[in-house]
Structures are given as structure tokens and as C-alpha cells.
Amino acid sequence: MIDYAICGTRNSNIGLPKGREILAEGGTALDAVEESIKLIENNPYDISVGFNGFPNLLGIVELDASIMEGKTLKAGAVAAVKNYRHPISIARNVMEITPHVMLAGEGAEKFAKAIGFQEEEIIDELGIKNYKNVMEGKSLELPLEAENLIRELFMNFDKHLKEVMNKYPIKEWYKKLSFDKHGTTNVIALDKDGNMAVGVSTSGIAMKFPGRVGDSPIPGAGIYCNNVAGSACTGTGEIAIRLSLARMVVHRIENNMTPEHSAEIGILDVIKLNEDGVIHILTMDKQGNSAGVTNKDGLFYYHTDSTTEKITKRSSTYIEKK
Ligand code: ASP
């Protein structure tokens with residue numbers, strides 16, 4: 001019989017020990033999720049979450065995050081937040097002290113400042129180097145003229161954007177700029193009282209269009225939690241939004257499907273859309289059964305619970321496009 005459980009994607013093994021400690025001491029799923037994610041947001045080597053998250057097209061880091069509590073269906077989210085290291089904590093405050101679910105951009109930043117969060121630079125030389133490597137170094141395999149224009153975008157965005165968009169389809173060059181440079185941390189926790197919570201934090205898709213918001217802060221798309229199960233997504237956020245992916249996974253578990261099977265159906269829906277893009281679904285029910293399912297080979301997640309001392313790395317089920 002499991003007393004508590006916690007699982008997470010990506011570099012969540014950095015945060016899960018703390019979450020586990022909180023749960024073992026009888027703390028809440030919400031605290032376990034938030035504190036785990038804060039440690040991941042602090043990691044400067046994780047290029048798609050929190051500090052040193054990959055910047056947008058203009059070299060500015062914009063973060064999305066959300067948190068949701070199962071027993072109350074309360075949710076809090078922030079989108080496109082700049083200059084704050086812990087969007088997950090701002091999201092939790094949106095949930096707990098405002099009448100809203102989501103704050104975006106400048107409004108979210110003003111809110112964070114008002115409640116005492118520290119404004120700071122959230123990119124250092126390493127993050128800037130990663131950005132410059134993409135902007136200046138790597139060939140995008142586009143006509144040279146297009147490559148040069150794209151690199152100049154950040155110097156005079158309005159002028160060059162119009163020029164580039166007039167000459168080359170934005171969908172094509174955008175895909176090349178962002179290819180494979182993205183990721184999100186998802187953490188799902190079950191506490192000793194049987195309550196669940198889910199948290200999600202990301203810098204989104206690398207080189208994203210300024211103001212682009214993915215699935216991560218959108219309840220139903222990149223995150224969902226009720227008193228039966230929790231679910232969260234990583235990957236191409238646009239796909240998760242279009243399929244209401246996280247909500248659908250939880251809905252099927254409510255109807256007695258196993259987490260694994262429900263997430264598999266979610267990935268089959270992704271494959272049916274027939275779009276380029278990767279999705280990983282992480283889900284866990286209130287018995288502590290977790291599953292990771294994806295359309296990309298080689299992905300994994302971490303899980304630990306009250307029956308073991310270890311944090312186990314589990315291979316996610318890969319469903320291949322036929
Ligand atoms: N889902 C995130 C987004 O679209 C990115 C990722 O998880 O790779 O913003």
C-alpha cells in the first residue's frame with residue numbers, strides 16, 4: 001500500500017528528493033510539487049526550465065508555469081513572464097491569493113513584484129552563448145539571404161520580421177530555429193492524505209516568437225489534476241493545446257482506464273493529428289500508479305514512492321508512427 005508518491009520528467013531527479021522528503025514528513029502534494037520544481041528552475045544547465053531557459057527569438061527568456069490541486073480543482077498559471085526565476089511560485093500565488101487562474105506578461109511581473117518576489121536577470125553567459133550559437137553559428141539550411149535576415153531580426157525586429165515573412169514562410173524557418181530545443185519539467189505528487197497536485201514549468205520552445213505561449217500554463221492542455229489522477233505534457237505545446245491532452249488523459253482514468261492505457265490513447269491521438277512534433281505524457285493516479293508515454297524513442301521519467309528509498313528512472317512507452 002502506497003502512502004505517498006511523486007514522479008517527474010526531464011531533470012526532475014534534481015528536485016524529486018526534496019519533494020519526497022516533504023511527502024514523507026506528511027507535507028502536502030502542493031508543497032512537494034512546488035519545492036521540487038523550484039530546484040529544477042534553479043539549475044543553470046537545464047536549458048528549457050527557469051534560470052537559463054532558452055530565450056525567444058529576441059534573446060529574452062520568457063517563462064510559462066502552472067500548478068493545479070486535485071481535490072479543489074484550483075489552478076494557477078503564469079505565461080510569458082520575464083525576470084523571475086520561480087514562475088512556479090508565482091503561479092501558486094495566482095492560485096491562492098487572486099481570483100484568477102492565469103496572469104500573463106507584464107501583469108504577472110507586476111504581481112510577482114507586489115508580493116515580494118525578487119526581480120533578476122535570469123540568463124547568464126552560458127545561456128547567451130547557447131542563443132548566439134543558434135543565431136550566428138549553426139546553418140539553418142535556408143537560402144543564405146534568409147539566414148542573414150533571421151539573424152538580424154533581434155537587432156530590428158519590426159523591420160526584419162516583415163521582410164523575412166514576405167520572402168519566406170514563417171512556418172519553415174521557425175521550425176528550423178526551434179528544432180529539438182525545448183523541454184518542460186512536469187511533477188505529479190500524491191500525499192499521505194490522498195490529495196494530488198501537478199506542477200509544470202518551462203521556457204517553452206527555443207527561439208519562440210515573442211509572446212508565444214505553449215501548453216504548460218493552460219489547464220486542460222499541458223496540466224490537469226483532479227481527485228482521481230493528474231497528468232502533464234512536455235513537447236510541442238501547440239499539439240497538446242489542440243487536443244486538450246492532459247484533461248483527456250485524466251478523464252479516461254476517471255472512467256476506470258489505467259494511467260498507461262489512457263496516456264497511450266493520448267499519444268495515438270497525437271499521431272493521428274499527423275503533425276511534426278514530439279509529445280510526452282506523464283500521468284499518475286491516486287493509487288500512485290504512474291506512466292510515461294511518448295511518440296519519441298528514448299524518453300524517460302522518474303518515480304519514487306513510500307515503498308522504496310530509491311528514485312527510479314523508468315523508460316517511457318514509445319509509440320511509433322506507422
Ligand atoms: N510544452 C512546452 C511548450 O510548448 C515545451 C516542451 O515541453 O518541450 O512550451
Side-chain angles (χ1 to χ4, degrees), residues 7-12 15 37 40-41 43 45-57 60-68 77-82 87-88 91 102 104-105 108 122 127 130 134 171 174-188 198-224 230-249 263 266-267 269-270 273 275-283 292-302 316:
C7 61
T9 55
R10 233 188 130 64
N11 293 332
S12 63
I37 291 183
I40 304 158
E41 289 174 337
N43 177 6
Y45 303 104
D46 188 324
I47 62 156
S48 63
V49 179
F51 189 89
N52 266 352
F54 214 98
N56 68 16
L57 206 45
I60 298 166
V61 182
E62 289 181 329
L63 302 174
D64 297 341
S66 62
I67 194 160
M68 186 159 183
V78 289
V81 171
K82 298 189 276 290
I88 192 70
M102 191 189 301
I122 56 165
N130 287 337
V134 177
K171 275 190 181 177
Y174 181 82
K175 201 160 57 185
K176 291 186 183 197
L177 273 174
S178 300
F179 183 72
D180 227 14
K181 288 181 284 302
H182 54 88
T184 299
T185 189
N186 301 153
V187 176
I188 308 179
V198 182
V200 174
S201 184
T202 187
S203 55
I205 303 279
M207 315 301 279
K208 64 190 175 185
F209 203 90
R212 177 265 185 191
V213 174
D215 59 318
S216 305
I218 303 179
I223 180 167
Y224 199 77
S231 175
C233 304
T234 64
T236 314
E238 285 73 7
I239 293 177
I241 296 172
R242 289 165 64 195
L243 294 171
S244 299
L245 213 46
R247 176 63 183 114
M248 291 306 290
V249 169
I267 292 298
D269 285 342
V270 170
L273 256 193
E275 298 275 4
D276 287 338
V278 172
I279 288 284
H280 180 278
I281 298 173
L282 179 71
T283 185
V293 184
T294 175
N295 61 342
K296 181 178 175 178
D297 198 11
L299 298 188
F300 57 86
Y301 72 99
Y302 294 96
S316 298

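All ligand and atom numbering here is 1-based and tracks the order in the structure.
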Gap between atom CD1 of I88 and atom CD1 of I40 - 0.5 Å precision: 9.5 Å
Report all protein residues having a heavy-atom distance below 4.0 Å to some atom of ligand 1; order the list by chain, then number. H182, G183, T184, G204, I205, R212, G214, D215, S216, T234, G235, G237
Residues that S201 engages under side-chain hydrogen bond (donor to acceptor under 3.5 Å, both in side chains), provided they are two or more places apart: E41
Just grab all the side-chain hydrogen bond (donor to acceptor under 3.5 Å, both in side chains) pairs involving residues 205-216, residues at least two apart or on different chains. R212-E238
So OG1 of T9 and CG of N186: to nearest 0.5 Å the spacing works out to 3.5 Å
Between D64 (side chain only) and G214 (backbone N and O only), is there a donor and an acceptor less than 3.5 Å apart? yes
side-chain contact (heavy atoms from CB on, under 4.5 Å) filter on S48, not counting sequence neighbours, yields R10, D46, S203
